[in-house]
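Here is the structure we will look at.
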Amino acid sequence: MELNCSVQSYAWGKVGSDSQVARLAAKACQNFQVSEEQTYAELWMGTHANGPSQLTESGDLLSEYIAKNPEVLGSKIREKFGDQLPYLFKVLSVNKALSIQAHPNKQHAEQLHEERPNIYKDPNHKPEIAVALTDFEGLCGFRPLSEIQNFLKTVPELKSAVGEKADTLISAGENNYQDALKDCFESLMVCDPSVLKKELQTLSSRLSSPSDNTSLLFNTLYSQYPGDVGCFVIYFLNHLRLDPGQAMFLGPNVPHAYLSGDCIECMANSDNVVRAGLTPKLIDVPTLVSMLDYTCAEAESRKFSPSEGSTDTCQEFDPPVPDFAVARYEVPGDANNFSLTKRDSASIILITEGSGKYLASHEVTNKGGLTVVEPFATADISAGSVLFLPSDKVLEVFPEDCPKLVFFQAYCKL
């Protein structure tokens, strides 16, 4: 069944038709018209109260439909999560960097919610996966130790902001660096605002003609967030570049940020965020410093590979959490038809490229000695079509008038 979805127009989004969100929303959202003056940051597909999806045909909220028909979720979801969809599916179009942040694990989220429910508004964790639609850039996890040490040696403004703790990290070895890294990061986060502002201004002036990628990134972020500690945090974190179809998984306690580009995102239903910079919002330094994973690793290791058994037609990204998985399908335009893998959980499907038709049906059954497939929906699909597929249903697509049909599926792999 087709969904009518919601758009969020945050200030960091891409403008007008440059935004993949806007392009897809033209189909995904009823009565949507693109304004070339407006930012379009996120397309939401799911049951979140701040942007709930509706069934296009009836106008009922998807959440209400699920409440009345909980069996559509599948028995495994209901047993694990109750009678609710455990994930939120999104498209993001990033023009201006989002805040550097991390998310608590489930146990820590429950503790934070109990202690400070006005800040941490739910008891759930918030793992996320991002799959690039266009060239995409982000920050993820701490850089290799040698890279951080080199920056502390060669960027005097950074060392000045970190203070005396920098020397301990510079002399640390691969087997004993994590406490020194934590101390350094904390020193940066509590740096006196006047010192921070002065050192950032000095570095900005010195990097007036940058040639390396990190300096270029600094200048970009400094123009967006002048005086923000996040402009120095980039010297601690890996700068990732994803090609279309590549992914990164953002597990608990891993510092990260989205910098630019368009992506598919799937996340657990939660709003718990602990920020570390590039934001005017609260930075909860004690919570942040105590929770982060201070493991240093190469940038390439932060990319999340498809599961074993994935093919050119279907790549499955199955992160180590029960809340969600994402599959990317690419069906040649000359294929007569293609049947998606049957899932034992409810799923949401977004078409991002191409056109054709779909047929959604119950399982193939035997009636009176005959093999029978009973369709419950068949209709046209194109870029921006969003479908809700109940558990154990079969979805078949038929490409028409396109080089290829590309779509993504969010589901639970329990």
Side-chain angles (χ1 to χ4, degrees), residues 3 5-8 20-21 24 28 41-48 50-53 62-63 66 73-74 76-77 80-81 84-94 98 101 103 106 122 124-134 136 138 140 240 242 244-252 254 256-258 261-273 302-307 310 314-329 340-341 343-352 384-389 391 395 406-414:
L3 296 181
C5 304
S6 300
V7 166
Q8 308 289 354
Q20 286 288 335
V21 167
L24 296 170
E42 298 189 358
L43 174 66
W44 286 20
M45 300 163 281
T47 57
H48 196 291
N50 292 342
S53 298
L62 177 59
S63 57
I66 290 173
L73 292 171
K76 291 183 178 180
I77 282 187
K80 178 72 176 178
F81 299 103
Q84 59 184 351
L85 199 65
Y87 56 80
L88 178 61
F89 202 26
K90 296 182 178 181
V91 179
L92 274 64
S93 291
V94 182
L98 282 68
Q101 57 188 246
H103 307 298
K106 186 71 166 71
D122 63 76
N124 202 16
H125 64 170
K126 193 175 180 277
E128 302 164 331
I129 191 167
V131 186
L133 285 173
T134 61
F136 193 81
C140 187
L240 266 66
L242 302 181
Q246 290 186 316
M248 61 178 174
F249 173 63
L250 310 170
V254 175
H256 62 271
Y258 296 151
D262 306 86
C263 73
I264 295 287
E265 183 185 66
C266 198
M267 51 176 273
N269 272 326
S270 174
D271 294 314
N272 283 324
V273 174
R302 292 294 181 177
K303 294 181 180 179
F304 192 76
S305 300
S307 304
S310 291
C314 177
Q315 293 187 316
E316 295 190 346
F317 298 93
D318 182 22
V321 294
D323 308 71
F324 59 83
V326 173
R328 179 187 184 274
Y329 293 88
L340 279 71
T341 304
R343 310 292 182 188
D344 55 12
S345 79
S347 62
I348 294 177
I349 294 146
L350 167 68
I351 313 299
T352 58
S385 293
V386 182
L387 308 175
F388 176 76
L389 186 68
S391 167
L395 182 69
V406 181
F407 50 97
F408 291 81
Q409 180 182 34
Y411 59 99
C412 289
K413 194 170 184 179
L414 297 170

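The shortest side-chain heavy-atom distance between L92 and V21 does not fall under the 4.5 Å cut-off. The closest side-chain heavy-atom distance from K303 to L242 is below 4.5 Å. Between I264 and V91 the shortest side-chain heavy-atom distance falls below 4.5 Å. Residues R302 and V254 meet the side-chain proximity criterion, which asks for heavy atoms closer than 4.5 Å. Side-chain contact check for P127 versus P319: every heavy-atom pair is 4.5 Å or farther apart. Residues P252 and H125 fail the side-chain proximity criterion, which asks for heavy atoms closer than 4.5 Å.
Under the 6.0 Å cut-off for aromatic ring centres, Y87 and F324 do not qualify, their centroids lying 6.0 Å or more apart.
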Fill in: Stepwise salt bridge (charged side-chain N to carboxylate O under 4.0 Å, His left out) test for R343 and E316
CA-CA 12 Å; R343 310 292 182 188; E316 295 190 346; 2.8 Å; yes
Practice prompt. Run the numbers on K106 and N124 for side-chain contact (heavy atoms from CB on, under 4.5 Å), then give the verdict.
Written response: CA-CA 6 Å; K106 186 71 166 71; N124 202 16; 3.2 Å; yes
Discussion item. Pair L340, F407 - check side-chain contact (heavy atoms from CB on, under 4.5 Å), show working.
Written reply: CA-CA 11 Å; L340 279 71; F407 50 97; 3.7 Å; yes
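Of the possible donor and acceptor atoms, none in the side chain of S6 sits under 3.5 Å from a partner among the backbone N and O of W44. Judged purely by atom type and a 3.5 angstrom limit, S345 has no side-chain atom pairing as donor or acceptor with the backbone of Y411. Without hydrogens or angle criteria, H48 side chain to N50 main chain gives a donor-acceptor distance under 3.5 Å.
F89 pairs by the ring-ring contact (aromatic ring centres under 6.0 Å, His included) definition with nothing, not counting sequence neighbours. For H103, the side chain to side chain donor-acceptor pair (under 3.5 Å) partners two or more places apart in sequence, or in a different chain, are Q101, E128, H256.
Under the 3.5 Å distance criterion, with hydrogens and angles disregarded, no donor-acceptor pair is assigned to the side chains of D344 and S391. With no hydrogens or angles considered, a side-chain donor-acceptor pair links N272 and D122 at under 3.5 Å. In the model, T134 has a side-chain atom that pairs as donor or acceptor with a side-chain atom of D262 under 3.5 Å.
Note that CG of L88 and OG1 of T47 are 7.5 Å apart. Values are rounded to the nearest 0.5 Å. We find the OG-CZ distance between S310 and F317 to be 7.0 Å, quoted to the nearest 0.5 Å.
The side-chain contact (heavy atoms from CB on, under 4.5 Å) test with I129 singles out one residue from L250, D318, V321, V326, and that residue is V326.
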